Amino acid sequence: MAMSLNQIGAISGTPIPTESAGGETTTTAVVSASAVWRSPPANIRVSVQKQSTEADRLSPSPPMSPVRGGIRADLSVACQALMTEEEVVVKEHRTGAGGVKETKGVPVYVMMPLDSVTMGNGVNRRKAMNASMQALKSAGVEGVMMDVWWGLVEREAPGEYNWGGYAELLEMAKKHGLKVQAVMSFHQCGGNVGDSCTIPLPKWVLEELNKDPDLAYTDQWGRRNNEYLSLGCDTIPCLKGRTPIQCYSDYMRAFRDKFSHLLGDTIVEIQVGMGPAGELRYPSYPEKDGKWRFPGIGAFQCYDKYMLSSLKAAAENYGKPEWGSTGPTDAGEYNNWPEDTNFFKREDGGWNSEYGEFFLSWYSQMLLDHGDRILSSATSIFENQGVKISVKVAGIHWHYGTRSHAPELTAGYYNTRYRDGYLPIARMLARHSAVFNFTCIEMRDHEQPQDAQCAPEKLVQQVTLATREAQVALAGENALPRYDDYAHEQILNAASLSDNDEMCAFTYLRMNPELFQADNWRRFVAFVKKMKEGKDVHKCWEQVEREAEHFVHVTEPLVQEAAVALTH
């Protein structure tokens, strides 16, 4: 199988063509596959130079957190039949009050490249995309996930939608019998982990941002973030007479009207973008320009005038107007660790004071309200369309072992040693019968830097319990590209939530050159087979791999055909 499978690497790591007005094609960006798609070592160690505890006192904002009482505060049916002699039943994607049909097995989706559609609204690497979809269908994959970028579709002018590339991709998926999870990507591509290209927000939105910089998330040092509009202006008609929520709603409605013939059949899920990287969170840990690096605690993003206005009103209503002029000013820098700060430190930290409870409650509730507003619109727009709605929540596992859980707090998840921050999110999603899509499913605690008290397994367990209590469906993704059996086993374990339940779906990161390499492809086929059979099939991993080897051999001509297509 070493053959020409790796030629499928051509699907990514190539320049992104842009069609000019004259029909010519130019190159706007070059993506290095070796730089973007690289399997992490078995054990990742990160060396971070800690700053002294004096860092807080050098903060540009002079006041400390208020003190109270001394405490700081498709391929073909035949191909599919090759997978197994017995009938394989997977979970059926559908909406309804109950969420997901109770059947065994977890369907696997694969994320498409971020740049699947060009800046000129065409399909990028068309032959490669077609060949890759054929290969995925041959592996028994349920479908694909694609980002439907706001910055491409409604780029030129408000209310003018160009669905060109997406219409072709969706028809391609339908032809191959693949289902689609469509992501309403209202964020910028570029600036986060795994971002391999740059797709900014629509031009006209950026024009408004230039006029009013406070439409962008802002940190306490006045640095703006243009990845996603600040939720503080959700209901303000700041985008040429429309509010951001109205813009998101009009976009989703236009998508529904354009692709109504595919909804419920090919398009089975709408994942609604809620923030940076499409996740329901604040852009508290931006990698762009080296502002943040793992495992820093990040920084609060509540210093635009709209967020501050809300904070001021909340403080006055609470009876502490002096708390409404600023967020915590002793919460350190992006790359500090909890103990470097007065606000997040273990003993007498401001997070555990009356002020801390007030601020963190307000900050996290603003995020919940933002999610609630968009979901209310999304569920209304896609009602009775045969699709389910999902929301992605970030797996912030670093410093999880500390009392304050600082990186989660700055991202807007009010989760500490003494408080469950994921149950309120799960309950909010449950009210809209939305799926809770969670990342970092492939990670194990011991693979992470121990000094940063990373605990992804414990975090996944907490989220699982929260979704179970809120009676909301849970889906998963891997946070980083992993092709080894060890990561696959972890995903299989995590996908079995309990004796009587499983995840409703799993989305695999990502369609790229490494996935189609012979060894990785063999392991991936075995992984998909095991996920589809479900935990009730008592087969050892080695037996499944042997069955997969036979399947890979039988389908070799099909995969080779797909690879050859990439060279023409």
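Keep in mind the model is a prediction, meaning the values are calculated, not measured.
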Closest non-hydrogen atom pair, I374 against G273
CD1-O, 4.2 Å
Please report the interatomic distance CG(L367) to CG(D372), rounded to the nearest 0.5 Å.
11.0 Å
Less than 3.5 Å apart, any donor N or O on the side chain of N520 or E514 sitting next to an acceptor on the other?
no
Heavy atoms of other groups near E171 CD, more than 12 under 6.0 Å:
yes
Do Y363 and F359 pass the ring-ring contact (aromatic ring centres under 6.0 Å, His included) test, and can you show the C-alpha distance, the side-chain angles, and the key distance before you say yes or no?
CA-CA 6 Å; Y363 189 69; F359 174 78; 5.5 Å; yes
Are Y400 and E457 linked by a side-chain donor-acceptor pair shorter than 3.5 Å?
no
Testing the 3.5 Å rule here: is there a donor-acceptor pair between the side chains of D369 and Q365?
yes
Of all heavy-atom pairs linking I396 and P407, the shortest is CG2-CB, 3.5 Å
T507: which of E142, Q181, E477 passes side chain to side chain donor-acceptor pair (under 3.5 Å):
Q181
Side chains of N336 and T341, donor plus acceptor under 3.5 Å:
no
To the closest 0.5 Å, what do you measure between OG (S404) and CZ (R346)?
10.5 Å
E154 and R242: salt bridge (Lys or Arg N to Asp or Glu O under 4.0 Å), yes or no, with the steps?
CA-CA 14 Å; E154 197 180 359; R242 291 188 298 168; 3.0 Å; yes
Will you find, in the side chains of W292 and S284, an N or O donor that is under 3.5 Å from an N or O acceptor?
no
Name the one of R510, M129, M145 that satisfies side-chain contact (heavy atoms from CB on, under 4.5 Å) with M112?
M129
Examine R523 relative to Y483 and say whether NZ or CZ is less than 6.0 Å from the centre of the six-membered ring and inside a 45° cone about the ring axis.
no
CE of M307 to OG of S230: how many Å apart, nearest 0.5 Å?
5.5 Å
With a 4.5 Å heavy-atom cut-off, do H488 and E442 have their side chains touching?
no
Does R444 count as lying over the ring of Y486, i.e. NZ or CZ under 6.0 Å from the six-ring centre, within 45 degrees of the axis?
yes
Looking at K529 and E533, is there a salt bridge between them, counting it only when a charged N and a carboxylate O are closer than 4.0 Å?
yes
V141 and V108: which non-hydrogen atoms are nearest, and at how many Å?
CG1-O, 3.3 Å
Heavy-atom side-chain contact between I441 and Q490 under 4.5 Å:
no
Give the C-alpha distance, both sets of side-chain angles, the deciding distance and a yes or no for side-chain contact (heavy atoms from CB on, under 4.5 Å) between T467 and F438.
CA-CA 11 Å; T467 56; F438 197 62; over 6 Å; no
Test log, rule side-chain contact (heavy atoms from CB on, under 4.5 Å), inputs T243 and D234
CA-CA 6 Å; T243 69; D234 270 358; over 6 Å; no
With a 4.5 Å limit on heavy-atom distance, are the side chains of V148 and V153 in contact?
yes
Report yes or no: is the cationic atom of R281 (NZ for Lys, CZ for Arg) closer than 6.0 Å to the six-membered ring centre of Y285, at no more than 45° off its axis?
yes
So, taking the atom named CZ in R482 and the one named CG in D484, what distance separates them when rounded to the nearest 0.5 Å?
4.0 Å
Non-hydrogen atoms of F506 and N478 that approach each other most closely:
CZ-N, 3.5 Å
If you measure only the distance, is there a donor-acceptor pair under 3.5 Å linking the side chains of D445 and H397?
no
Yes or no on side-chain contact (heavy atoms from CB on, under 4.5 Å) for K392 and Q271, after CA distance, side-chain angles and deciding distance?
CA-CA 7 Å; K392 186 176 178 180; Q271 185 173 109; 3.6 Å; yes
Output yes when a side-chain donor or acceptor of W398 lies under 3.5 Å from a complementary backbone atom of G296, and no otherwise.
yes
Is the backbone N or O of I245 less than 3.5 Å from a side-chain atom of S249, with the two atoms forming a donor-acceptor pair by type?
yes
Are F259 and Y166 an aromatic pair by the rule of ring centers under 6.0 Å?
no
Roughly how far, to the nearest 0.5 Å, is the CZ atom of F382 from the CZ atom of R253?
9.5 Å
Go through the steps to decide whether I389 and S433 satisfy the test side-chain contact (heavy atoms from CB on, under 4.5 Å), and finish with yes or no.
CA-CA 8 Å; I389 306 295; S433 298; over 6 Å; no
Does W149 reach the main-chain N or O of L114 with its side chain, forming a donor-acceptor pair under 3.5 Å?
yes
Taking the ring of Y228 and the ring of H370, is the distance between their centroids below 6.0 Å?
yes
I want to know whether W150 and Y248 have ring centres closer than 6.0 Å.
yes
Note: R468-D501 ion pair, threshold 4.0 Å (strictly below):
no
Aromatic centroids of F300 and W362 separated by under 6.0 Å:
no
Do D420 and Q462 pair up side chain to side chain, a donor and an acceptor below 3.5 Å, judged on atom types alone?
yes
How long is the span from the CH2 atom in W351 to the CD atom in E357, to the nearest 0.5 Å?
11.0 Å
Smallest heavy-atom separation, Y414 atom then R419 atom, equals O-NH1, 2.9 Å
Side-chain heavy-atom pair C302, Y217 within 4.5 angstrom cut-off:
no
For the residue pair Y161 and Y251, establish whether any side-chain heavy-atom pair is separated by less than 4.5 Å.
yes
Exam field: side chain Y318 to backbone A313, donor-acceptor pair closer than 3.5 Å
no
Side-chain heavy-atom pair V393, N437 within 4.5 angstrom cut-off:
no
Less than 4.5 Å apart, any side-chain heavy atom of M146 and any of M111?
no
Could you verify whether a donor N or O on one side chain and an acceptor N or O on the other, from S260 and Q385, lie under 3.5 Å apart?
no
Do the side-chain N and O atoms of Y282 and D219 include a donor-acceptor pair separated by under 3.5 angstrom?
no
Side-chain heavy atoms of F344 within contact of H399, under 4.5 Å
no
S185 and D147 side chains, donor-acceptor separation under 3.5 Å:
yes
Does the S380 side chain pair with the main chain of S377, one donor and one acceptor, at a distance under 3.5 Å?
no
Would E269 and S390 count as having a side-chain donor-acceptor pair, cut-off 3.5 Å?
yes
Closest non-hydrogen atoms of T439 and G395, given as atom of the first, atom of the second and distance, are OG1-N, 2.7 Å
